**Student:** 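Quick one: the structure is below, questions incoming.
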There are 2 protein chains.
Amino acid sequence: MPIMLKEFYTTGVISDTKNIPNPGELLQAERRKQTVDPNRLHEFLEGSKEKSESFKRIVQQIERDPVLTSSPRMYDMSKAEQRDVTVDKINRLSKYIEVESFSDFNLRLNILSVFDPQVMTRIGVNLGLFLSCVRGSGTFEQLKFWALDQNCAYIRNIYGCFAMTELAHGSNVAGIETTATFDKESDEFVINTPHIGATKWWIGGAAHSATHSSVYARLIVDGKDYGVKAFVVPLRDINHELNPGITVGDIGAKMGRDGIDNGWIQFSNVRIPRFFMLQKWCTVSRNGTVKMPPLEQLSYSALLGGRVMMVNDSYRMTARVSTIALRYAIGRRQFKAKESDALETQLLDYPLHQRRLLPYLAAAYVMAAGSYRIDQIINETTEALEDAVDNDDAKEIEKCIGQMKSLFIDSGSLKSTCTWLAAEAIDQCRQACGGHGYSAYSGFGKAYADWAVQCTWEGDNNVLGLNIGKPIVKHSLAVLKEDKVVYGSTSFLTHTKQHLNDKPALTDVKDARDLKKVVAAIELAILRLAARTAKIVEGNGMDYGVVGNDLVNLSKLKCHHFLLKEFSERLNENSYKEVNPILATLGALHGATQVFDRYAGIFLAEKAVSPEFISGLNATIIPELCAEIRPHVVGLTDGFQQSDAMINSGLGCYDGNTYENYFRIVKQLNPPENFKAPYSDKLEAMLRRQTLEVRDRGEKSEEAEEILSVKVDDEED
Amino acid sequence: MPIMLKEFYTTGVISDTKNIPNPGELLQAERRKQTVDPNRLHEFLEGSKEKSESFKRIVQQIERDPVLTSSPRMYDMSKAEQRDVTVDKINRLSKYIEVESFSDFNLRLNILSVFDPQVMTRIGVNLGLFLSCVRGSGTFEQLKFWALDQNCAYIRNIYGCFAMTELAHGSNVAGIETTATFDKESDEFVINTPHIGATKWWIGGAAHSATHSSVYARLIVDGKDYGVKAFVVPLRDINHELNPGITVGDIGAKMGRDGIDNGWIQFSNVRIPRFFMLQKWCTVSRNGTVKMPPLEQLSYSALLGGRVMMVNDSYRMTARVSTIALRYAIGRRQFKAKESDALETQLLDYPLHQRRLLPYLAAAYVMAAGSYRIDQIINETTEALEDAVDNDDAKEIEKCIGQMKSLFIDSGSLKSTCTWLAAEAIDQCRQACGGHGYSAYSGFGKAYADWAVQCTWEGDNNVLGLNIGKPIVKHSLAVLKEDKVVYGSTSFLTHTKQHLNDKPALTDVKDARDLKKVVAAIELAILRLAARTAKIVEGNGMDYGVVGNDLVNLSKLKCHHFLLKEFSERLNENSYKEVNPILATLGALHGATQVFDRYAGIFLAEKAVSPEFISGLNATIIPELCAEIRPHVVGLTDGFQQSDAMINSGLGCYDGNTYENYFRIVKQLNPPENFKAPYSDKLEAMLRRQTLEVRDRGEKSEEAEEILSVKVDDEED
């Protein structure tokens, strides 16, 4: 049944209404048939009923807030407008932070990172990075002073930024070249940028917002280099004028996130009092005695929060873009499956289209569970560590450090693999919407441009991959050479020797439905790949450089191991029994597509599964799983509970009326009465220009030739 | 040796110059050691010495042209500015087209598609799409009238656009719903948009530029629907005012290519004379007799040129971005390989970094050869067909149609696979430049945003993949069931039966160096996958829908088969002996990474190669090939002969002085004296705002509580 004839349909005479597209009707009809309650799904995704309710409450609040909400208008904004609007939003948020709980405000930022990620980042350099640095490296009194007494935590009085990266130094923090030289005479540190390569670069907030900066610089006392430490350096005075010796600049246009005023900073012998050094772990006394306690590396643990948040961002972004593409694919018809069909087929009824999109729907669910779990672990570990340090409990501290190391591994493999997966999801979902995905109003373009940076910042994904793969191989080597027992999330490596054979974990493709078996197969692949890699490393004089590609692959597999293990364990908990069957199917699809099919080369080369298992994936099990998920797609996407303003796409509205919504946005933002462009005079002048002959003043005419030619006969040799 | 101390280095006291970054010096030192002549490489890439020289001449001309050249300034432009500047460039090009040869102007556009792809597209809708449509569907006289008499070919007087796609119809051209109803009485066609879904959409040039449009609409005569035909419909009069019944609108912001005024068009019973129908193949007589000759499908062959150009674009774009990332990786140092090293290691000396980037360098070379060949084939075939039609030679026409069909396959698999590969190259090369790759001035952001559309337009890559995979499986089925002999580029399918066993083509990983063997292994994988797919299709009542994923994989493998076969044959030609060894290594790397490693799952599942072959790729052969290519990288990238203006990146300049170039651009476009933002007042007001208590007018104070509270004792039950 066609939908009601609205404004746009009344242009021209409608002789036949049967072909009028009715995407909204299609979506609503499917929605009415859903059997799984989206609210229950959302509780699974967010972790509890309470969290689900907080989410909905805050989404509604943001949506109704005239400053914080999103609209397609943002896709038309220039860099200058984005910068301006972002400050308006931060200003607005500075009022919320004064009246709500820490956890509510955190959830607000987390949700805003879907509405408008650049707001989240620009406020995050102050509340997240700057204050995390002060918390991680400063004493309790230092934290209290900067955060509370100076009101930084309320975005009042001062605004911090985080100056770690330099123009010539990104991932290698230990190589930073900015210096902080202790001047004993004046009891000050002199902060200096020795050369262009040491210019602080990419510093969010530095160009225009920040009054203060946490600066990572080499501590130099009496000519001795004590390595990289953190200092608070004021950049601007109370009138927002630059302090002496400070040079800042705007690093200008970026691929995305133009609302953030990333900047560069050069320090020209800037003096700060000794007590501006953050001295929780390392202290410098009045006469220049440096104390370096062994726990210093823990100062970086304050940065782990960012990684964990990126796993959550990956879940939400993947949820957002798969919702857009799936709603579009339900409403869009394309080609007739059979010549005799009256209507063209819904895109999502094509097996290929299911194969293209449903793995991202599955990944969103799986990543949600992983995000929930890693967040739990980090909170538990951080609290335990803080308690242990407060109680000066050496044994407990040591235990916490061990957990922290394991957390660096898990969070690193999750951050890198999930942010890559989300980037791919945005791109693939865009392509699945065909040409319309390229419209800015689909939301994909800005989503991708804003997202892309997640793959390189706070640990470049490849460098993280190396750092995660290396300890896995080290463990393997220790097991092979010294029969070491491995603890923690890679404990399965302990049994390496007994699995170094050709026996596959899985031969029957039906086993791809059994998450426990899937996890076991991933363990086998990791174990054998790690052992193979260990041997190459050993054969190359312990050079890990040559196996970089394998290390990154190990990191990726480790991430999926974590995700599917946690997902499977969440399913075993009691509370979500009602939605378990469809969730289990999603988990199996994730394993079959994102793990087995994607890394088929590794699984087969390591003989962790049989060739028949792999060819069975695309032949039978993946299409079957997709077909089982297909009827639940509307409910599964509704389960994300992302509202229209949050999704902000002409193609992915809740009502499914793609064409009308999209056309309305286009017309609103580009009024058709402007059918002549502002530059139309130039265009028209080009079309009405004189002929070349006239413009050449006729000086190439036959007449001119006659006059200008000198008659000379060709000479013959 | 450090480079000379320049402006930026003199900030602060330089106590020690040994650590000052010297990327330019590193690059130049490597350049001096090159043994392969970049000019010879370029001749291979372009196809001949003559073509190489034409390329250099035109690049220089564009670079010196004040309007046509590129600069980092374009990365800062708003949509409005981009639209304006694009018209300036087209205006400038309209002068070149009057004075130069067709082939030179074509090469100019082709080169401009690297400088600024949106110019190429916006001019291309007129010169490429509109005129190709008139050429493909119109009579010689019709072409002459619109192109020459009306001066469309010179971008004078009229400007055409190409109105095929509709809001609800993209890939399925046959489903288009705009109608062209013959009105016998007035001898006119009535063009009409029946409903919103039939609105012409994405039409490049429609919003502001086009005066005319080639419109694809259903021909209706006496109530009978004759399918989709092409008509010329004027949109704007000589004063650039919209004609009656025409509604156009700007479709607004896009992910990229904002310089193009894509628009939508609705026709409300617009009348055109009968002779505005393009009537090369299909004619409508005065009294409404419709003649439908069998060759109609050939009208679409005029669109093949676009596909072929996209293969060339893929080569040039991959060349451009790999040049940026590789030059950056030579100059950038990161981490010390050993603690004892004095300096950090050059990025490109890490095996993982080679593994990440060199496959794109190889792909650029391989795609260049493929692009050259497919261009040759299309020219030969088109000429032969035109001759045959002119001579009314039925037998020759049939032969040409056969070739044209094969060309649709080859060009489709190349277009889809190569544009995907280039998109990936842009993204991976960006990531390989770490954070700096995210700067707009690196060039990657705009490159990706502009490029992305190539994967969905003029045949969505997945739909193309299905269309290419399907005939391959059909051939296989015919061979299996009827012992059919297959001709053309998939002739190897003829021997399907004798290869349906477990025998691998390659077991020794060293064979990855032998391009002939590589090609044979790809043939074996295609052959077995096609046969397996054929059986699934047969088992599913001949439904090709269920094997969509396999069809797309077959298309991708077919592309690489074409590329490596042509590349290998080019190497066997005599003229490039001098550069052959390094080119052969690039070809082998392409096979090892882009084919075997990427599709390892297929090769292993089909047992086309052994598991040991696959695990040997990353363990030995790929690192070896990378190590062999590494010393030649500067020469190989210089071989692309893309000038600084063409590459237009702060990170990829010829001189290699990354940090200085990048910093200079940042400072030029974002003067550091603007250290207060235009919106600074808002920001400062936020930081200086009163306390919450004051802003709440003190009405939550204890004093107020005293006054406002009503004292009521809690009741007890």
Side-chain angles (χ1 to χ4, degrees), chain A residues 8-9 12 20-21 75-76 78 84 87 91 98 167-168 170 172 192 194-197 202 208 240 242 249-255 334-335 351-352 355 434-435 438 440 445 453 456 460 545-546 548-549 600-601 604-605 611 614-615 618 659 666 669-670 672 675 677 679 682-684 686 692, chain B residues 8-9 12 20-21 75-76 78 84 87 91 98 167-168 170 172 192 195-197 202 208 240 242 248-255 334-335 351-352 355 434-435 438 440 445 453 456 460 545-546 548-549 600-601 604-605 611 614-615 618 659 666 669-670 672 675 677 679 682-684 686 692:
Chain A
F8 305 126
Y9 297 99
I20 294 178
Y75 300 129
D76 265 336
S78 67
D84 194 322
V87 164
N91 194 355
E98 293 174 331
L167 181 54
N172 183 12
N192 195 53
H195 56 73
I196 184 177
W202 277 112
H208 300 124
H240 222 65
L242 284 186
D250 183 351
I251 65 160
K254 298 185 290 287
M255 181 174 170
Q334 190 168 293
F335 293 107
L352 176 61
R355 175 67 182 80
Y438 198 67
V453 71
T456 46
D460 170 78
V546 296
N549 195 51
L604 288 175
I614 292 294
S615 49
N618 283 307
Y659 301 126
V666 164
L669 297 174
N670 308 276
F675 57 80
Y679 52 79
K682 293 192 206 179
L683 201 92
E684 293 174 46
M686 171 179 73
L692 181 60
Chain B
F8 304 128
Y9 297 97
I20 294 179
Y75 300 130
D76 266 336
S78 66
D84 194 323
V87 164
N91 194 353
E98 292 174 332
L167 182 53
N172 183 12
N192 195 52
H195 56 72
I196 183 176
W202 277 111
H208 300 122
H240 222 65
L242 285 186
V248 303
D250 182 351
I251 65 160
K254 299 185 289 286
M255 180 173 171
Q334 190 168 292
F335 294 106
L352 176 61
R355 176 66 182 80
Y438 198 67
V453 71
T456 46
D460 171 79
V546 296
N549 194 52
L604 287 175
I614 291 294
S615 49
N618 282 308
Y659 301 127
V666 163
L669 295 173
N670 308 276
F675 57 79
Y679 53 78
K682 292 191 204 178
L683 202 91
E684 294 174 44
M686 172 180 72
L692 181 60

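Source: prediction; values computed, not measured. Scope of the values below: all heavy atoms of this structure, side chains included, with no hydrogens, waters or symmetry mates. Convention: sequence-line order gives letters A, B, ...; per-chain numbering from 1.
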**Student:** When heavy-atom pairs shorter than 4.5 Å are enumerated against chain A, which of B:Ile251, B:Leu352, B:Leu669, B:Asp460 gives the highest number?
**Tutor:** B:Leu352
**Student:** Below 4.5 Å, heavy-atom pairs only: which of A:Asp76, A:Val87, A:Asn91, A:Val453 has the largest tally toward chain B?
**Tutor:**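 Answer, by heavy-atom pair count under 4.5 Å with chain B: A:Val453.
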**Student:** Out of B:Val546, B:Leu683, B:Ile614, B:Val248, which one racks up the most heavy-atom pairs below 4.5 Å with chain A?
**Tutor:**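 Highest number of pairs under 4.5 Å: B:Leu683.
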**Student:** Which heavy atom in A:Ala600 sits nearest to a heavy atom in B:Gly601, and how many Å separate them?
**Tutor:**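 For A:Ala600 and B:Gly601, the tightest heavy-atom pair comes out as CB-CA, 3.4 Å.
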**Student:** Do you know which of B:Ala253, B:Gly249, B:Pro611, B:Gly545 has the most heavy-atom pairs under 4.5 Å to chain A?
**Tutor:** B:Ala253
**Student:** Heavy-atom pairs under 4.5 Å with chain B are the metric here; pick the option from A:Ala440, A:Gly445, A:Gly548 that has the most.
**Tutor:**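 Max contact count across the listed options: A:Ala440.
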**Student:** Mind checking the CG-OH spacing from A:Leu167 to B:Tyr659? Nearest 0.5 Å is all I need.
**Tutor:** 6.0 Å
**Student:** Just verifying a value: how many Å separate B:Leu692 CG and A:Glu98 CD, rounded to the nearest 0.5 Å?
**Tutor:** 4.5 Å
**Student:** Going by the angle between their ring planes, with limits at 30° and 60°, are A:Trp202 and B:Tyr438 parallel, tilted or perpendicular?
**Tutor:** tilted
**Student:** Chain B heavy atoms under 4.5 Å from A:Tyr75: which part of the residue, side chain, backbone, both or neither?
**Tutor:**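 Backbone only.
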**Student:** Roughly how far, to the nearest 0.5 Å, is CG of B:Asn549 from CG of A:Asn618?
**Tutor:** 4.5 Å
**Student:** Working to the nearest 0.5 Å, report the span between OH of B:Tyr679 and NE2 of A:His208.
**Tutor:**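 Taking OH in B:Tyr679 and NE2 in A:His208, the distance rounds to 5.5 Å.
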